[in-house]
Structures are given as C-alpha cells and as structure tokens.
Amino acid sequence: MGGSTGCWVRDFLRSSIGKKGVMATTGLMLFGFVVVHLLGNLQVFLPDKHALTEYGHMIKSKPLVLWGARLGLLVIVLLHVATAIRLALENKAARPVKYQVRRWREADYAARTMMVSGPLILIYAVYHLLHFTTGHAHSNFNPDDVYANVVTAFQNKAVSLVYIVAMLMLAQHLSHGLWSMCQTFGVNHPKYTPTLRFASIAIASAIAVGYISIPVSVMLGILK
C-alpha cells in the first residue's frame with residue numbers, strides 16, 4: 001500500500017501537471033515571504049526610528065525559529081528553481097502545433113521573462129543578504145542598528161538604483177507568476193481572466209512600489 005502510494009506520488013511529481021503544481025505551491029510560499037518581508041521593512045517609516053531595529057533584534061532573539069525559517073526558505077527556493085529549469089527544458093523540447101500558435105507565443109514570452117528575471121532576482125537576493133544580513137557588502141554595517149544600515153546603504157545612489165531595478169524585475173516576475181499560479185490551481189475561467197490578469201499586475205506593482213519607496217525616501221531625505 002505504502003509502496004503504491006509512493007509510486008503514485010513519484011509519478012505525479014514527474015508529470016508536467018505535478019511539476020506545475022510544485023512550481024505554483026513554492027511560488028505561493030515565496031510570494032507570502034515577499035509580502036511579510038515587505039511589511040517588516042515598511043516599519044522604517046514608523047515615527048519610532050527604533051521600531052525596525054527592535055523588529056530585527058526580535059527576530060534574531062529566536063535563533064531556532066530564524067534558522068528553521070531560513071532553511072525552509074532555502075529548500076523552497078531550490079525546489080522552485082529546479083522545477084522551473086525542468087519545465088523550461090521540457091517546453092524547449094516541445095513543438096507547438098499550428099492551431100496553438102498564439103497560445104505558444106504567449107507561453108514563450110512568459111517563460112522567457114521568468115527565466116531571465118528569476119536568476120537575476122536570485123543573484124540579487126544573495127547580494128541583499130551580504131548587504132543587510134551579514135554586512136559583508138555594506139561599508140558602514142552596524143549589527144545593532146538596522147535602521148541606520150538601511151539609511152546609510154541607500155544614501156549610495158548606485159546601491160539604490162540596483163535595488164530599484166531588482167524590485168522592478170521582481171514585479172515583472174510576480175505578475176507572470178501570480179497569473180500562472182491561478183491557471184495551475186484552476187482559477188482560469190474566461191469570465192474572470194481580465195480581472196485575474198489585472199489583479200496579478202496590480203498586486204505585483206503594489207509590492208514593488210512598497211519596496212522602492214524605501215530607497216527613494218532615503219534619497220529624497222525623508223528617511224535620514
């Protein structure tokens with residue numbers, strides 16, 4: 001019984017539908033992380049300038065939870081990336097038939113942008129960790145003052161520009177990802193297609209605006 005169940009699960013995960021399911025599920029988890037991370041970062045705008053720093057200290061005060069979350073996030077990212085690569089290779093090997101020309105063109109565009117923005121976002125995420133978590137890429141890093149780290153980092157226009165570009169790529173990635181996730185989970189009725197497409201773009205744009213507002217506010221002197 002257990003063996004047959006294991007075979008069924010293995011066969012499902014090897015199928016195109018199974019891979020898309022893994023892609024959508026891990027994507028949803030990463031989307032949740034992006035939203036929670038944004039809400040934490042937006043504390044930089046609170047009147048109490050120590051709020052963001054205290055939030056960072058609170059997280060670091062629970063090492064088991066912190067490292068559990070980090071390892072879990074790493075596994076999710078690896079699954080997402082590995083599945084994306086496998087699906088991209090399968091799509092490349094496939095050949096579109098004539099009556100699906102338009103659909104395949106749309107799929108090719110989505111896949112192309114996702115496969116470009118995805119790796120670039122991953123590279124930036126590594127740099128972001130070195131910048132704000134470990135401090136190796138931060139010239140004035142202070143482990144005891146998260147707020148100061150944010151402000152001093154984004155006072156460098158080059159750092160702010162790279163961050164803004166990365167968030168724009170994230171928005172593009174999310175807009176395609178959220179739409180694809182809806183299709184994978186079966187939320188793709190023609191009646192709701194325009195609304196779902198608009199919602200995917202709107203949500204991704206709102207997230208990008210939230211993140212970008214931080215370096216822009218530093219450069220404008222609102223945060224200092």
Side-chain angles (χ1 to χ4, degrees), residues 6 9-10 13 18-19 21-46 48-87 114 117-154 156 159-160 162-167 169-171 173-174 177-178 181 203-204 207-208 210-215 218 223:
V9 172
R10 184 171 60 252
L13 293 177
K19 293 188 188 76
V22 171
M23 192 74 179
T25 302
T26 54
L28 180 60
M29 293 176 178
L30 291 173
F31 170 71
F33 168 77
V34 167
V35 172
V36 172
H37 189 58
L38 172 59
L39 294 176
N41 287 356
L42 290 178
Q43 292 183 72
V44 73
F45 292 108
L46 293 177
D48 181 3
K49 301 304 181 183
H50 299 290
L52 182 62
T53 297
E54 290 174 356
Y55 171 70
H57 289 168
M58 182 273 292
I59 293 176
K60 291 181 179 179
S61 68
K62 305 178 187 301
L64 291 179
V65 175
L66 176 60
W67 281 102
R70 285 175 173 173
L71 292 174
L73 186 62
L74 177 62
V75 171
I76 293 170
V77 169
L78 292 177
L79 280 173
H80 194 72
V81 172
T83 306
I85 293 173
R86 294 186 66 180
L87 283 172
M114 296 292 272
S117 61
L120 290 176
I121 292 169
L122 185 59
I123 291 172
Y124 178 78
V126 174
Y127 164 75
H128 190 67
L129 289 172
L130 292 173
H131 200 184
F132 288 110
T133 301
T134 68
H136 289 88
H138 196 304
S139 59
N140 297 302
F141 186 74
N142 183 349
D144 297 319
D145 196 338
V146 179
Y147 180 88
N149 291 336
V150 171
V151 174
T152 55
F154 289 137
N156 184 318
V159 171
S160 292
V162 171
Y163 184 89
I164 290 171
V165 171
M167 294 306 102
M169 288 192 297
L170 176 63
H173 196 83
L174 282 176
L178 291 172
M181 188 167 59
I203 293 172
I207 289 173
Y211 277 111
I212 291 173
S213 67
I214 300 174
V218 172
L223 296 176

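For the numbers below, each heavy atom of this structure counts, side chains included, while hydrogens, waters and symmetry mates do not.
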J.: Measure the shortest side-chain to side-chain distance between I164 and M167 over non-hydrogen atoms and say whether it is less than 4.5 angstrom.
T.: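 They are not in side-chain contact.
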J.: Could you check whether any side-chain heavy atom of V159 comes within less than 4.5 Å of a side-chain heavy atom of P215, counting everything from C-beta outward?
T.: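 The answer is no; the side chains never approach within 4.5 Å.
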J.: Can we call the ring centroids of F132 and Y124 under 6.0 Å apart?
T.: no
J.: Could you give the distance from CD1 (I207) to CG (L178), rounded to the nearest 0.5 Å?
T.: 7.0 Å
J.: Working note: I214 + F45, criterion side chain to side chain contact (heavy atoms under 4.5 Å, CB included); need CA distance, chi angles, decisive distance, verdict.
T.: CA-CA 8 Å; I214 300 174; F45 292 108; 3.9 Å; yes
J.: Any non-hydrogen side-chain atom of N149 less than 4.5 Å from a side-chain atom of H131?
T.: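 Side-chain contact under 4.5 Å: no.
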J.: Flag the pair F141 / L130 as yes when at least one side-chain heavy-atom distance between them is below 4.5 Å, and no otherwise.
T.: no
J.: Taking it one step at a time, do M29 and L73 satisfy side chain to side chain contact (heavy atoms under 4.5 Å, CB included)?
T.: CA-CA 9 Å; M29 293 176 178; L73 186 62; over 6 Å; no
J.: Over 60° means perpendicular and under 30° means parallel, so tell me whether H128 and Y163 are parallel, tilted or perpendicular.
T.: tilted
J.: Search all heavy atoms of A51 against all heavy atoms of L46 and return the closest pair with its distance.
T.: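 Closest pair (atom of A51, atom of L46, distance): CB-CD1, 3.7 Å.
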J.: As an exercise, state the distance from OG1 of T133 to NZ of K60, rounded to the nearest 0.5 Å.
T.: 7.5 Å
J.: What is the minimum heavy-atom distance between L28 and M181, and which atoms define it?
T.: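 Of all heavy-atom pairs spanning L28 and M181, the closest is CB-SD, 3.5 Å.
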J.: Please answer whether the main-chain N or O of Y147 pairs with a side-chain N or O of T53 as donor and acceptor at a distance below 3.5 Å.
T.: yes
J.: Do V77 and H80 pass the side chain to side chain contact (heavy atoms under 4.5 Å, CB included) test, and can you show the C-alpha distance, the side-chain angles, and the key distance before you say yes or no?
T.: CA-CA 5 Å; V77 169; H80 194 72; 5.6 Å; no
J.: Just wondering, do F31 and I203 contact through their side chains at under 4.5 Å, heavy atoms?
T.: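 Counting from C-beta outward, I203 and F31 do come under 4.5 Å.
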J.: Quick one: closest heavy-atom pair of L42 and S213, and the distance?
T.: CD2-OG, 4.2 Å
J.: Would a distance-only check, ignoring hydrogens and angles, find a side-chain to backbone donor-acceptor pair under 3.5 Å from Y211 to V34?
T.: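 Side chain of Y211 to backbone of V34: a pair is present.
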J.: If you draw a 6.0 Å radius around NE2 in H50, do more than 12 non-hydrogen atoms from other residues or ligands fall strictly inside?
T.: no
J.: If you round to the nearest 0.5 Å, how far is OG1 of T25 from CE of M23?
T.: 11.0 Å
J.: Could you check whether any side-chain heavy atom of L30 comes within less than 4.5 Å of a side-chain heavy atom of H173, counting everything from C-beta outward?
T.: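 No, side chains not in contact.
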J.: For I76, does its backbone N or O pair with a side-chain atom of T26 as donor and acceptor, under 3.5 Å?
T.: no
J.: Closest heavy-atom contact between T83 and V22?
T.: OG1-CG1, 3.5 Å
J.: Would you say L129 and T134 make side-chain contact, with heavy atoms under 4.5 Å?
T.: no
